[in-house]
Amino acid sequence: MCVACLRTQVDISEGIPKQVSVHFCKQCERYLQPPGTWIQCALESRELLTLCLKKLKASLSKVRLIDAGFIWTEPHSKRLKVKLTIQKEVMNGAILQQVFVVDYVVQSQMCDDCHRVEAKDFWKAVVQVRQKVLHKKTFYYLEQIILKHRLHQNTLRVKEIHDGLDFYYASKQHAQKMVEFLQCTVPCRSKASQRLISHDIHSNTYNYKSTFSVEIVPICKDNVVCLSPKLAQSLGNMNQICVCIRVTSAIHLIDPNTLQIAEVDGNTYWRHPFHSLFHPKKLEEFIVMDIDLVRDRKQGAGAGVRSNKHTLAEVWVQKTSEMNTNQQYHCRTHLGHLLNPGDLVQGFDLANCNLNDEFINKMNPHHVPDVVLIKKSYDRSRRQRRRNWKLKELDREKEGADTDDERQYQDFLEDLEEDEVLRKNVNIYKNANVPVESDTDEEGAPRISLAEMLEDLHISHDATGGEGAEMLTE
């Protein structure tokens, strides 16, 4: 029999289906690769061609596949056409080659992940971040670091509650990655627990929901703390009363009496815990009456590192609320490089307050200062008007807006302006709505230089400036 007659008599594509169905999830735009894997494929891509050929794998085993390729179809037609070239040996050793087209019908089917989203039961793991303090400076800092490192991309949603944040994830691995990131970023401790949702006794599979609880140390910037005698001695014979100047991956403390600095990491803190002596609202305003810089102070035996960025000074201050009296307070401060007579400064009054702390109650009263100065005071409304930069925020659900939140956020923005080390970990963007002025203020308030700011990128959908807008010509 000649080849032409052989072709008419023998169909080597017999047994290969000419119409096959593939399943496609419209929500996440993924294709089902049996038995249970969903993969992302572009139209006419290698990956989609591989998926289509795997559907014919059993029937193609009897022939030799020479070539395969897509025939163009309308993207919305729900049809994929694949042109196949196959060879097969027939009677008397003759090899026949045939070209034919297989139609793939795209059928809609929702994947398991999208099912969970629709059923509002979509999270597999939650990270609960908590800090038992009345202000949120550490959380604002944490939010900026998460945005900078793009760790919020895998979250399904972020929920803000009164003392922390909840991050919801579709997989336990993403939640564990977030917990590890938090442990490297802020001093904290974590616990993990899981709850059984369902159990298949036949296939021995378990479905759990995991919860990770992360507790951040309850110390924030500008807190006055009293260390235990044992911890103060181990940090280089520091005084027990210190000021927290920064919270990053460790708590940074400074002794306002000697300028000695120390870092307390999370593990050390939980072994020797200490607490803030004052609520931030207890800050009082003082006016500097006289200041003397302290030069060449001798260090005691076993003393630790001293700060080079601060200047030790002895100051006489008076409360602005007691200007009609002669009551003045004498103290030492680490703010000698900022203060001049007549300046306003914020601090805590230890002489006229009732402190309830186990360590300070056991201290010698002569070693407790009358006043601890925290930071120089500037005109807040003027600083807000001149602020030519902004920060991005996480998209999160809020339980209820607190009136105090805005004031705390402004405090955090001022901390960024004053602390160069803190803003190294934060992306700061130019605010085009505020005119650019000189970097120095008349009253000396610290500002962020233009060199430290990033351009805020906005990609518009219409590059011509709106529908029907006229083209710009020179």
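Worth knowing before you read on, the calculation uses all heavy atoms, side chains too, and leaves out hydrogens, waters and symmetry mates.
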Would you say Ser193 and Thr211 make side-chain contact, with heavy atoms under 4.5 Å? yes
Do Lys191 and Phe212 touch side chain to side chain, with heavy atoms closer than 4.5 Å? no
Taking all heavy atoms of Ile254 and all of Met238, pick out the closest pair and write down the distance. C-CE, 4.3 Å
Separation between SG of Cys244 and CZ of Phe274, rounded to the nearest 0.5 Å: 7.5 Å
Hey, are the side chains of Val294 and Glu314 touching, using non-hydrogen atoms and a 4.5 Å cut-off? yes
Taking atom CZ of Phe286 and atom CD of Glu322, what is their separation to the nearest 0.5 Å? 8.0 Å
Within-4.5 Å side-chain heavy-atom neighbours: Phe359 and Pro229: yes
Least distance between heavy atoms, Ile161 atom then Arg130 atom: CD1-NH2, 3.0 Å
Would you indicate whether Lys26, at its atom NZ, is surrounded by more than 12 heavy atoms from other residues, nucleotides or ligands within a distance under 6.0 Å? no
Drop me the distance from Gln128's CD to Asp166's CG, to the nearest 0.5 angstrom. 5.0 Å
From Asn354 CG over to Asn356 CG, what is the distance, rounded to the nearest 0.5 angstrom? 7.0 Å
Note, Ile145 side chain near Phe181 side chain (heavy atom, < 4.5 Å): yes
Holding to side-chain hydrogen bond (donor to acceptor under 3.5 Å, both in side chains), I want the full list of residues that pass it with Asn223, two or more places apart in sequence or in another chain. none
Looking at Tyr329, is its backbone amide N or carbonyl O close enough to the side chain of Gln318 to form a donor-acceptor pair, meaning the two atoms are under 3.5 Å apart? no
If we only count heavy atoms from C-beta on, is the Cys111 to Cys28 side-chain gap below 4.5 Å? yes
Under the rule for side-chain hydrogen bond (donor to acceptor under 3.5 Å, both in side chains), what residues qualify as partners of Glu285, not counting sequence neighbours? Ser377
Main-chain N/O of Leu227 paired with Gln240 side-chain donor or acceptor, under 3.5 Å: yes
If you look only at pairs with a residue in residues 216-244, which of them pass as a salt bridge (Lys or Arg N to Asp or Glu O under 4.0 Å), with sequence neighbours excluded? Lys137-Asp222, Lys221-Asp415, Asp222-Lys375
Going from CZ on Arg271 to OG on Ser228, what distance comes out if it is rounded to the nearest 0.5 angstrom? 11.0 Å
Given the ring of Tyr429, does Lys392 sit roughly above its face, with NZ or CZ under 6.0 Å from the centre of the six-membered ring and within 45° of the axis? yes
Side chain to side chain contact (heavy atoms under 4.5 Å, CB included) involving Ser190 - partner list, sequence neighbours excluded: Val179, Gln183, Val214
Main chain of Tyr168, side chain of Arg157: is a donor-acceptor contact present, judged purely on distance under 3.5 Å? no
Report the C-alpha separation of Ser307 and His310 in whole Å, then their side-chain angles, then the decisive distance to 0.1 Å, and conclude whether the side-chain hydrogen bond (donor to acceptor under 3.5 Å, both in side chains) test is met. CA-CA 6 Å; Ser307 172; His310 300 85; 2.8 Å; yes
CG/Asn361: more than 12 non-hydrogen atoms of other groups inside 6.0 Å: yes
Nearest atoms (heavy-atom pairs only) where Val217 meets Ile251: CG2-CD1, 3.8 Å
Suppose the criterion is salt bridge (Lys or Arg N to Asp or Glu O under 4.0 Å): which pairs have a residue in residues 179-189, not counting sequence neighbours? Arg189-Glu215
Please name all residues satisfying side-chain hydrogen bond (donor to acceptor under 3.5 Å, both in side chains) with Thr248, sequence neighbours left out, ordered by chain then number. His252
OH of Tyr409 to OH of Tyr140, rounded to nearest 0.5 Å, is 8.0 Å
Any side-chain heavy-atom pair of His334 and Leu373 under 4.5 Å: no
Does anything in residues 337-358 form a salt bridge (Lys or Arg N to Asp or Glu O under 4.0 Å)? List the pairs, not counting sequence neighbours. Lys319-Asp349, Asp343-Lys376
Partner residues of Phe348 under the ring pair (Phe, Tyr, Trp, His ring centres under 6.0 Å) criterion, sequence neighbours left out: Phe278
Side chain proximity check, Thr268 to Leu231, heavy atoms < 4.5 angstrom: yes
Under the side chain to side chain donor-acceptor pair (under 3.5 Å) definition, can you give me all pairs with a residue in residues 28-41, not counting sequence neighbours? Arg30-Asp113
With sequence neighbours excluded, what pairs up with His275 under the ring pair (Phe, Tyr, Trp, His ring centres under 6.0 Å) test? none
Pairs flagged by salt bridge (Lys or Arg N to Asp or Glu O under 4.0 Å) wherever residues 244-260 is involved - sequence neighbours left out: Arg246-Asp419
Non-neighbouring partners of Ser171 that pass side-chain hydrogen bond (donor to acceptor under 3.5 Å, both in side chains), sequence neighbours left out: His174
